[in-house]
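Reviewing the structure listed below.
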Amino acid sequence: MRVVVALGGNALLKRGQLLSAENQRANVKIAARAVFGLIEAGHEVIISHGNGPQVGLLALQNAAYKDGGSFPLDVLSAESIGMIGYLIEQELGNLLPDGKLTATLLTQIEVDPDDPAFGKPSKPIGPVYSEEEAFRLAADKGWVMGPDGGKFRRMVASPVPKRIFEIEVIRLLVSQDVTVICAGGGGIPVIRQPDGNFAGVEAVIDKDRASALLASETG
């Protein structure tokens with residue numbers, strides 16, 4: 001059977017945990033054991049994952065660097081996807097037999113530039129804050145902050161995923177018995193510009209929606 005495993009936030013970083021490399025690796029190690037069980041049972045496995053806490057942390061670090069400009073969310077998302085993919089590849093590779101291959105693929109996903117989500121940020125990213133901290137960040141950085149449980153987090157646009165650019169590459173890798181880590185963080189959101197070229201946008205695609213599209217497109 002072909003299976004898409006979508007690793008959520010708690011599989012990578014438990015709520016309230018310190019956003020550290022050590023904590024993320026420890027959680028990924030647990031998730032890798034579960035994924036290994038599926039592979040060991042003979043399933044073809046495609047792995048996707050969230051990146052909300054990670055991309056939010058990168059955005060905070062980015063905002064702290066005043067003199068060199070800032071990187072947009074699509075670039076920060078790509079950075080976080082590479083980091084998480086590396087951890088998953090390494091921990092899963094420690095369990096897999098020699099010769100069983102894995103690969104992380106940065107995945108661009110097209111969204112509609114007119115998606116109403118751009119006017120109503122609703123996807124939480126980054127760490128949790130008290131109400132006082134949230135109001136301060138909203139004033140200082142111009143971020144949209146919203147409630148998440150009993151705390152507050154930064155909210156960004158979450159448009160609907162329309163098309164996976166690298167789908168043929170994913171299919172090819174899976175057909176060659178490679179365990180593929182792709183559509184990480186819901187994929188890197190891109191739009192088609194009026195001149196026909198594509199460009200990244202300030203958004204984070206919902207992991208569950210992207211994973212559902214991935215499952216549909218890979219059978």
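Below, each value reflects all heavy atoms present in this structure, side chains not excepted, and no hydrogens, waters or symmetry copies.
Rounded to the nearest 0.5 angstrom, I170 CD1 and I181 CD1 are separated by 12.0 Å. Atom CZ of F152 and atom CD of E132 lie 12.0 Å apart (nearest 0.5 Å). Remark: I88 CD1 to L12 CG distance equals 6.0 Å, nearest 0.5 Å. In this structure, D206 CG and L213 CG are separated by 12.0 Å, a value rounded to the nearest 0.5 Å. The CG atom of D148 sits 12.0 Å away from the CD1 atom of I125 when rounded to the nearest 0.5 Å. In this structure, CD1 on I188 lies 9.0 Å from CD1 on I205, to the nearest 0.5 angstrom.
Linking ILVMFWY residues whenever their side-chain heavy atoms come closer than 4.5 Å, directly or via other members, places L95 and V5 in the same cluster. The hydrophobic cluster containing L38 also contains M1, counting ILVMFWY residues as joined when their side-chain heavy atoms lie under 4.5 angstrom apart, directly or transitively. Residues Y86 and L96 share a hydrophobic cluster, clusters being chains of Ile/Leu/Val/Met/Phe/Trp/Tyr side chains in contact below 4.5 Å. Both V3 and V35 are members of a single hydrophobic cluster when ILVMFWY side chains are connected at heavy-atom separations under 4.5 Å. Hydrophobic clustering (ILVMFWY, side-chain heavy atoms < 4.5 Å, transitive): L106 and V180 are in distinct clusters.
V156 places none of its side-chain heavy atoms less than 4.5 Å from the side chain of W143. Side-chain contact between L101 and T179: absent, with no pair of heavy atoms (C-beta onward) separated by less than 4.5 Å. Put simply, the side chain of I30 does not reach to within 4.5 Å of the side chain of V28, judged on heavy atoms. Counting only heavy atoms from C-beta outward, the side chains of M145 and E133 never approach each other to under 4.5 Å. V160 is not listed as a side-chain neighbour of D112, based on a closest heavy-atom distance of 4.5 Å or more. A 4.5 Å side-chain heavy-atom check between P53 and R153 finds at least one atom pair inside the cut-off. Residues L137 and Y129 are in side-chain contact: their nearest non-hydrogen atoms beyond the backbone lie under 4.5 Å apart. Between V201 and V111 the shortest side-chain heavy-atom distance falls below 4.5 Å.
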(request) Under the side chain to side chain contact (heavy atoms under 4.5 Å, CB included) rule, what do I47 and L92 come out as? Steps first, then yes or no, please. (result) CA-CA 11 Å; I47 302 170; L92 189 56; 4.0 Å; yes
(message) side chain to side chain contact (heavy atoms under 4.5 Å, CB included) for C182 and T104? Distances and angles first, verdict last.
(response) CA-CA 6 Å; C182 57; T104 298; over 6 Å; no
(request) For E217 and R171, run side chain to side chain contact (heavy atoms under 4.5 Å, CB included): C-alpha distance rounded to whole Å, both residues' side-chain angles, the deciding distance at 0.1 Å, then the answer. (result) CA-CA 9 Å; E217 292 293 315; R171 289 173 180 154; 3.3 Å; yes
(request) Start with the C-alpha gap between Q17 and Q24, add the side-chain angles, then the distance that decides, and say whether side-chain hydrogen bond (donor to acceptor under 3.5 Å, both in side chains) holds. (result) CA-CA 9 Å; Q17 263 190 327; Q24 289 181 85; over 6 Å; no
(request) In sequence, state the C-alpha distance, the side-chain angles, and the governing distance for T107 and E166, and then conclude on side-chain hydrogen bond (donor to acceptor under 3.5 Å, both in side chains). (result) CA-CA 6 Å; T107 313; E166 290 80 11; 4.8 Å; no
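Of the possible polar contacts, none joining the S175 side chain to the L173 backbone as a donor-acceptor pair under 3.5 Å is found. Remark: the backbone N or O of L87 is not paired with any side-chain donor or acceptor of Q90 at under 3.5 angstrom. Distance alone, capped at 3.5 Å, places no donor-acceptor pair between the R2 side chain and the I46 backbone. Counting only distance, with no hydrogens or angles, the side chain of S216 and the backbone of A212 share no donor-acceptor pair below 3.5 Å. Between the side chain of R163 and the backbone N or O of E110, no donor-acceptor pair lies under 3.5 Å. Not one N or O on the side chain of S48 forms a donor-acceptor pair closer than 3.5 Å with the backbone of A183. With hydrogens and angles disregarded, a donor-acceptor distance shorter than 3.5 Å links the side chain of N27 to the backbone of N23.
Scanning all heavy atoms of the two residues, the minimum distance from S158 to R209 falls at O-NH1, 3.9 Å. Across all non-hydrogen atoms, the minimal contact from R154 to A59 is NH1-CB, 3.5 Å. Minimum interatomic distance between A6 and S211 (heavy atoms only, all atoms of both residues): CB-OG, 3.5 Å. Pairing each heavy atom of H49 with each of G85, the nearest pair is NE2-N, 4.4 Å. Listed here is the closest heavy atom pair of P121 and G119: CD-C, 3.8 Å.
Counted within 6.0 Å of NZ on K100, heavy atoms from surrounding residues, nucleotides or ligands total more than 12; the atom is thus considered enclosed. Within 6.0 Å of CG on D195 lie more than 12 heavy atoms contributed by other residues, nucleotides or ligands.
With respect to the salt-bridge test (charged N to carboxylate O, under 4.0 angstrom), the residues R25 and E22 do not qualify.
Applying the 4.5 Å side-chain rule to ILVMFWY residues, one finds F165, F198 in the same cluster as V190.
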Could you list the donor-acceptor pairs under 3.5 angstrom formed by side chains in residues 72-84, with sequence neighbours left out?
| unit_1 | atom_1 | unit_2 | atom_2 | d |
| --- | --- | --- | --- | --- |
| S77 | OG | N51 | ND2 | 3.2 |
| S80 | OG | N51 | ND2 | 2.9 |
| S80 | OG | S77 | O | 2.8 |

